[in-house]
Amino acid sequence: MNREDLIVTIDGPAGSGKSTIARGLAERLGGRRLDTGAMYRAFAHEAVTRGVAEDHRALLHLADGFPLTVDAEGRVLVGDRDVTDHIRTPEISSWASRLSVIPEVRAALVPIQRALALPGPTVAEGRDMGTVVFPDAPVKIFLTASPEARARRRQEELAAAGTVIAFELVLADQIERDARDENRAVAPLKPAADAALLDTTEMTIPEVLDFILAIVAAV
Ligand code: DC
């Protein structure tokens, strides 16, 4: 297939390895990684900064024409402010999950995601890439891993960024977030009917990459 038309969607819950795999895959394909979770995080960060995260009307107003851009290096900007380094905290994780249930917020971000995806190759990671945003993508992957493995990875990721949190707290927070992401009315986390399901609990990163690259090579 034409490289310019290639979109690989990677969906799955927190800690399933999406970001690591999407990054590695984009590198191997010589394309870009589209981190859509970062966009919901940027919206949540802006809402919290403005003190409107619990004000539904103000949230709708904020979503309308939300000035989000992602540059070629993957830096996330709201207006002309680079928020990339401020959106990975547990507080913003929780707010991103809570605010992403609002249909108007999703409606504001989806066109931005689609506009950034082509020309490919693009590796788009999120919760609804294969089901809603890129239903015609030629390669769709749904990653899972055991809850414990995912919480352990998340804990290590946070520790690497300087935030030390007890395993039980990371796990509890993850269970709450998974339930919300899976049960929301609009674009819930679920595999597309034509997605390849991959449990990464016992797999190494190169094994996962090779598995997906074999699928890409076949399209
Ligand atoms: O992938 P992440 O942990 O950075 O995503 C943060 C939150 O954003 C996640 O809990 C749900 C939401 N999200 C979403 O609803 N749809 C996406 N495509 C990506 C993320």
Using every non-hydrogen atom in the two residues, find where [X] and [Y] come nearest and quote the distance to one decimal.
X	Y	answer
L34	Q113	CD2-O, 3.5 Å
V132	P135	O-CD, 3.3 Å
V76	L68	CG1-CD1, 3.6 Å
L29	P121	O-CG, 3.6 Å
P138	V219	O-CG1, 3.8 Å
A42	V78	CB-CG2, 4.1 Å

Salt-bridge test for [X] and [Y]: reply yes if a basic N is under 4.0 Å from a carboxylate O, no otherwise.
X	Y	result
E176	R180	yes
K190	E182	no
E157	R88	no
E156	R152	no
D178	R150	yes
R50	D55	no
D181	R98	no

Donor-acceptor pair, distance only, cut-off 3.5 Å: does the side chain of [X] make one with the backbone of [Y]?
X	Y	result
S100	Y40	no
K140	T9	no
D11	G130	yes
D35	A38	yes

Working note: V216 + L6, criterion side-chain contact (heavy atoms from CB on, under 4.5 Å); need CA distance, chi angles, decisive distance, verdict. CA-CA 9 Å; V216 172; L6 179 61; 3.8 Å; yes
Pair S94, R177 - check side chain to side chain donor-acceptor pair (under 3.5 Å), show working. CA-CA 7 Å; S94 174; R177 208 145 70 89; over 6 Å; no
Taking atom CD of E148 as the centre, report whether more than 12 heavy atoms of other residues, nucleotides or ligands fall under 6.0 Å from it. yes
From R3 CZ over to T122 OG1, what is the distance, rounded to the nearest 0.5 angstrom? 10.0 Å
Where does the angle between the aromatic ring planes of H86 and H45 fall among parallel (under 30°), tilted (30 to 60°) and perpendicular (over 60°)?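 Parallel: the ring planes of H86 and H45 meet at under 30°.
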Any donor-acceptor N or O pair under 3.5 Å, side chains E125, T36: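 T36 and E125 do not have a side-chain donor-acceptor pair below 3.5 Å.
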Candidate pair R114 and F134, rule side-chain contact (heavy atoms from CB on, under 4.5 Å), full reasoning: CA-CA 8 Å; R114 290 190 178 134; F134 303 112; 4.1 Å; yes
With side chain to side chain contact (heavy atoms under 4.5 Å, CB included) as the test, pick out the partner of T200 among T20, L143, I21.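 Of T20, L143, I21, side chain to side chain contact (heavy atoms under 4.5 Å, CB included) with T200 is met by L143 alone.
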Tell me whether L99 shares a hydrophobic cluster with I87, the cluster being built from Ile, Leu, Val, Met, Phe, Trp, Tyr side chains joined at under 4.5 Å. yes
